[in-house]
Amino acid sequence: MNWSDAEKKEKQHQEDLDRLRSFRPMDDTFMRGLFKENLPLAELVLRIITGKSDLILTQCETQADMKRVTGARSICLDAYATDSAGKKYDIEVQRADNGADPHRARYHSSVMDVENLDEKQDYKELPDTYVIFITENDYYKAGESVYTIQNMNLTLNRPFNDGAHILYVNGEYRDDSEIGRLMHDFNCTSADEMNFELLAERTRYLKENPKGVSEMCKVMEDLRVESYTEGREEQARMMAQKLYRKGYSIEEIADMVEYSTEKVEEWLTPKAG
């Protein structure tokens with residue numbers, strides 16, 4: 001069967017609507033919509049997870065790109081927030097256990113450090129950072145609601161006090177505490193089943209209000225475009241490396257893969273260390 005462009009677009013739209021109905025806050029695509037331009041909701045979630053009832057957020061950005069070091073692996077944070085004391089928070093939802101590997105948490109923490117210290121600043125000016133992985137499964141399988149990880153001076157058996165914090169939130173945790181009720185809500189597809197009105201209100205808007213539904217459909221379309229672009233760039237990068245090994249100049253490679261010479265140079269720059 002041959003589909004017209006209009007028919008393909010309508011079919012894709014219906015599939016997006018079906019996906020939207022099944023989304024939960026635990027799905028990172030839906031999380032983009034939940035936290036976008038919604039400081040009170042991000043603040044609520046962080047207050048519950050960190051136990052800081054007086055935490056005040058001044059900024060929250062979804063899908064924050066971070067890459068300061070040429071040739072280093074870039075990351076895109078699900079939600080990147082700053083509080084009134086200047087502390088930084090990276091909130092990640094991780095459905096697959098391999099997405100919550102401790103090395104990934106370490107890398108996120110290090111990239112946040114690089115992002116937040118300029119050339120002439122003193123090291124002591126680094127803000128406290130919190131990398132928060134909300135995992136669908138109990139990653140450490142010990143039944144705790146939140147696992148708190150910090151660097152330690154093992155010889156003296158006391159905290160290293162470097163300001164770096166990593167939290168693993170157990171998405172399976174359930175009880176009548178705020179964190180237990182929040183994790184229940186993170187696994188709900190229906191706003192009517194949620195405990196927290198801020199989360200339910202936003203979910204209802206994105207799933208039932210025509211404007212909200214349109215916003216989420218755009219998010220899904222943007223993700224498709226982003227995925228296609230990333231795939232094309234990765235293929236071009238691999239081809240550029242092969243051509244470079246064969247002796248082609250950067251200008252020739254840029255012309256063949258249809259990317260700028262600056263981008264090709266970036267691909268071919270050896271990583272430090």
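Just so it is clear, the model here is predicted, and its values are computed rather than measured.
- Look at Glu201 and Arg204 and you find no salt bridge, because none of the NZ, NE, NH1 or NH2 atoms lies under 4.0 Å from a carboxylate O.
- The heavy-atom pair separating Met31 from Ala79 by the smallest distance is CE-CB, 4.1 Å.
- With a 4.5 Å cut-off on side-chain heavy atoms, Met112 and Tyr130 do not count as touching.
- Aromatic pair Trp267/Tyr244: ring centres not closer than 6.0 Å.
- Scanning all heavy atoms of the two residues, the minimum distance from Leu206 to Leu34 falls at CD1-N, 3.7 Å.
- Counting only distance, with no hydrogens or angles, the side chain of Lys88 and the backbone of Tyr80 share no donor-acceptor pair below 3.5 Å.
- Contact check for Ile48 versus Phe196: side-chain heavy atoms found under the 4.5 Å cut-off.
- Formation of a donor-acceptor pair under 3.5 Å by the Arg95 side chain with backbone atoms of Met26 is not found in this model.
- Side-chain atoms of Glu43 come within 3.5 Å of backbone N or O of Leu57 as a donor-acceptor pair.
- Side-chain contact between Tyr259 and Glu266: absent, with no pair of heavy atoms (C-beta onward) separated by less than 4.5 Å.
- The closest side-chain heavy-atom distance from Lys87 to Leu46 is not below 4.5 Å.
- At distances below 3.5 Å, at least one donor-acceptor pair connects side-chain atoms of Asp185 with backbone N or O atoms of Asn195.
- Side-chain N/O atoms of Asp138 and Tyr147 include a donor and acceptor closer than 3.5 Å.
- Asp27 places a side-chain N or O within 3.5 Å of a backbone atom of Arg24 that can act as its donor or acceptor partner.
- Rounding to the nearest 0.5 angstrom, the gap separating the CE atom in Met216 from the CG atom in Leu20 is 6.0 Å.
- Under the 6.0 Å cut-off for aromatic ring centres, Tyr168 and Tyr140 qualify, their centroids lying closer than that.
- Ser109 and Ala164 make their closest contact through OG-CB, 4.0 Å (heavy atoms, listed as atom of the first residue, atom of the second, distance).
- Not counting sequence neighbours, His184 has no partner by the ring-ring contact (aromatic ring centres under 6.0 Å, His included) test.
- With a 4.5 Å cut-off on side-chain heavy atoms, Tyr139 and Asp97 count as touching.
- Heavy-atom neighbours of Asn153 CG from other residues, nucleotides or ligands within 6.0 Å: above the threshold of 12.
- Side chain of Asn151 to backbone of Phe160: no donor-acceptor contact under 3.5 angstrom is found.
- Inter-residue side-chain proximity for Glu178 and Leu182 is flagged as unmet; no heavy-atom pair is nearer than 4.5 Å.
- Scanning both residues, Pro40 and Leu198, for their nearest heavy atoms gives O-CD1, 3.9 Å.
- Surrounding CG of Asp122 are more than 12 heavy atoms belonging to other residues, nucleotides or ligands, all under 6.0 Å away.
- Atom NZ of Lys218 has 12 or fewer heavy atoms from other residues, nucleotides or ligands within 6.0 Å.
- Note that CG of Asn187 and CD of Glu193 are 11.0 Å apart. Values are rounded to the nearest 0.5 Å.
- Residues His108 and Leu77 meet the side-chain proximity criterion, which asks for heavy atoms closer than 4.5 Å.
- The stretch residues 28-37 participates, sequence neighbours left out, in these side-chain hydrogen bond (donor to acceptor under 3.5 Å, both in side chains) pairs: Arg32-Gln63.
- For the residue pair Asp90 and Asp78, the shortest heavy atom distance occurs at OD1-N, 4.4 Å.
- Between Ile250 and Glu262, every side-chain heavy-atom pair lies at or beyond the 4.5 Å cut-off.
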